[in-house]
Amino acid sequence: MVATLTRHFGPENLDLVEDVVQDSLIRALRSWAFKGIPKHPEGWLLQVARRRAIDVLRRSARLERHKEAIRRWSEEPPVAELPNEGIREDVLRMMFTCCHPDIPADARVALTLKTVGGFGVGEIARAFLTREATVYQRLARARTRIQSRGIPFAVPEPEELGDRLESVLNVLYLMFNEGYLASRGADLIREDMANEALRLGGELLRYAPTSMPKVHALMALMSFLHARAKARTDDEGDLLLLADQDRGRWDRGAIARGFAYLEQSARGEESSDFHLQAGIAACHVAAEDFESTDWSRILELYDRLLARNPSPVIALNRAVAVAMVQGAEQGLAACDSIPDQSTMSGYYLLAATKGELLRRAGRHSEAVRSFREALDLASSDPERRFLGRRIRECEPVD
């Protein structure tokens, strides 16, 4: 809806578009409870939002600028259904508009997550390991830049893709991660979010100029991870670690698609972080069981990934591989050597990983302290239940 209305009213009215979309959803909640869901709910929502936007523009100082457009929009027939092809094109335009090079890099991804991914400010802040106030500033800066620079609502020409495609791919990966490991709520997995990231990645592959090796690599990575999704929780919705998962529940079709994407990603000279991450994920899905996982190969790939991208999150993931190859104590040492740990102060997985490695090393009292720290930071119910179980397992029995 945001993307389609932005095509009508222009990126300079993005703040208005977001407001009227929110307003139409609120009206639906109030109306549909009594009148029932309309035959074409998407069209109903879009029509209400469009009329509201026209009303606001008529009363605003922007009236003269949009006078002809308002007349044209007012005469358009009511919308019955949103055409799928039009939606796909609008969403692609929306992503690339939000990732325009005139917008600061940190603000591009935040704005795209907000407008295309439907992320809340809190979710964006957790994805970036930063404060909500910082995200608000980035979003405001991005919207101001769109207005002041007259950024068009369009997919760029192939020669102009450059950094914009990089930002779009980062958005899709962050969107998928939120679906694969929900940052809050009753469920560990938000399948709709993960599926949307996969769908949008598929749209990039349908558009010839963006059907590049790194896009195939990202699709391979997401496919491998998504294949394991249903096995990550038990029948009660509780979290299962990789070692405890029933690999018979892994989606073999998604794994096959992942390897097909991985093969496509190897065509050409291009290499990216997504290639290395997809290689790591491929090691996991290729193993018949947890014990036969090629952890040495995974550690090698993490070493290469960390050399390219010295992110503290990547360093934490590498520490797990170190523990699997060299033992829990070496994994703990790798955790302690992660630079810039202050940026991970609100990242519960740092404390949870340390707790797990301390537990494996037999240092149970220290493990309890780390698990309690992680429990204070975790937001999703399955994660909190898992951490509670670990605490009970490590506490001494009276």
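All of these numbers come straight from a predicted model, not from anything done at the bench.
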*Asks:* So for atom CD, which belongs to Glu288, do other residues, nucleotides or ligands contribute more than 12 heavy atoms lying within a distance under 6.0 Å?
*Replies:* no
*Asks:* What do the steps show when you test His226 against Trp250 for ring pair (Phe, Tyr, Trp, His ring centres under 6.0 Å), and what is the final call?
*Replies:* CA-CA 9 Å; His226 199 49; Trp250 287 4; over 10 Å; no
*Asks:* Is it true that atom OH of Tyr136 has more than 12 heavy atoms of other residues, nucleotides or ligands lying nearer than 6.0 Å?
*Replies:* no
*Asks:* Please check if the number of heavy atoms outside Arg131 that lie under 6.0 Å from its CZ is greater than 12.
*Replies:* no
*Asks:* Does the ring pair (Phe, Tyr, Trp, His ring centres under 6.0 Å) test come out yes or no for Tyr261 and Phe224, once each step is laid out?
*Replies:* CA-CA 10 Å; Tyr261 287 131; Phe224 288 143; 9.1 Å; no
*Asks:* Less than 4.5 Å apart, any side-chain heavy atom of Arg372 and any of Arg369?
*Replies:* no
*Asks:* Between Arg359 and Glu366, is the closest basic N to carboxylate O distance under 4.0 Å?
*Replies:* no
*Asks:* Could you go through the side-chain contact (heavy atoms from CB on, under 4.5 Å) check for Ile280 and Arg297 one step at a time?
*Replies:* CA-CA 8 Å; Ile280 292 167; Arg297 173 63 174 161; over 6 Å; no
*Asks:* Under a 3.5 Å threshold, yes or no: a donor from one side chain and an acceptor from the other, between Ser380 and Glu383?
*Replies:* yes
*Asks:* If you count every heavy atom of other residues, nucleotides or ligands that lies below 6.0 Å from Ile37 atom CD1, does the total exceed 12?
*Replies:* no
*Asks:* Using a 4.5 Å cut-off on heavy atoms from C-beta on, say whether the side chain of Asp234 contacts that of Asp244.
*Replies:* no
*Asks:* At their closest point, which heavy atom of Phe9 faces which heavy atom of Ala53, and how far apart are they?
*Replies:* CZ-CB, 3.6 Å
*Asks:* Apply the test side-chain contact (heavy atoms from CB on, under 4.5 Å) to residues Glu196 and Phe176: give CA-CA distance (whole Å), side-chain angles for both, the deciding distance (0.1 Å), then the verdict.
*Replies:* CA-CA 8 Å; Glu196 180 66 0; Phe176 178 84; over 6 Å; no
*Asks:* Rounded to the nearest 0.5 Å, what separation is found between the CG atom of Leu111 and the CZ atom of Arg145?
*Replies:* 12.5 Å
*Asks:* Measure the acute angle between the ring planes of Phe274 and Tyr173, then classify it against the limits of 30° and 60° as parallel, tilted or perpendicular.
*Replies:* perpendicular
*Asks:* Is there a side-chain contact between Gln245 and Leu242 (heavy atoms, below 4.5 Å)?
*Replies:* yes
*Asks:* Can you confirm whether Phe290 sits close enough to Met324 that some side-chain heavy atom of one is under 4.5 Å from a side-chain heavy atom of the other?
*Replies:* yes
*Asks:* Any idea which heavy atoms bring Leu46 and Met1 closest together, and the distance?
*Replies:* N-CE, 4.0 Å
*Asks:* Any side-chain donor-acceptor pair under 3.5 Å between Ser292 and Asp289?
*Replies:* yes
*Asks:* Using a strict 4.0 Å threshold on nitrogen-to-oxygen distance, state whether Lys230 and Glu191 make a salt bridge.
*Replies:* yes
*Asks:* Would you please test Leu200 and Met175 for side-chain contact (heavy atoms from CB on, under 4.5 Å) and show each step?
*Replies:* CA-CA 10 Å; Leu200 292 172; Met175 188 187 303; 4.1 Å; yes
*Asks:* If you define the side chain from C-beta out and look only at heavy atoms, does anything of Thr210 sit under 4.5 Å from Leu165?
*Replies:* yes
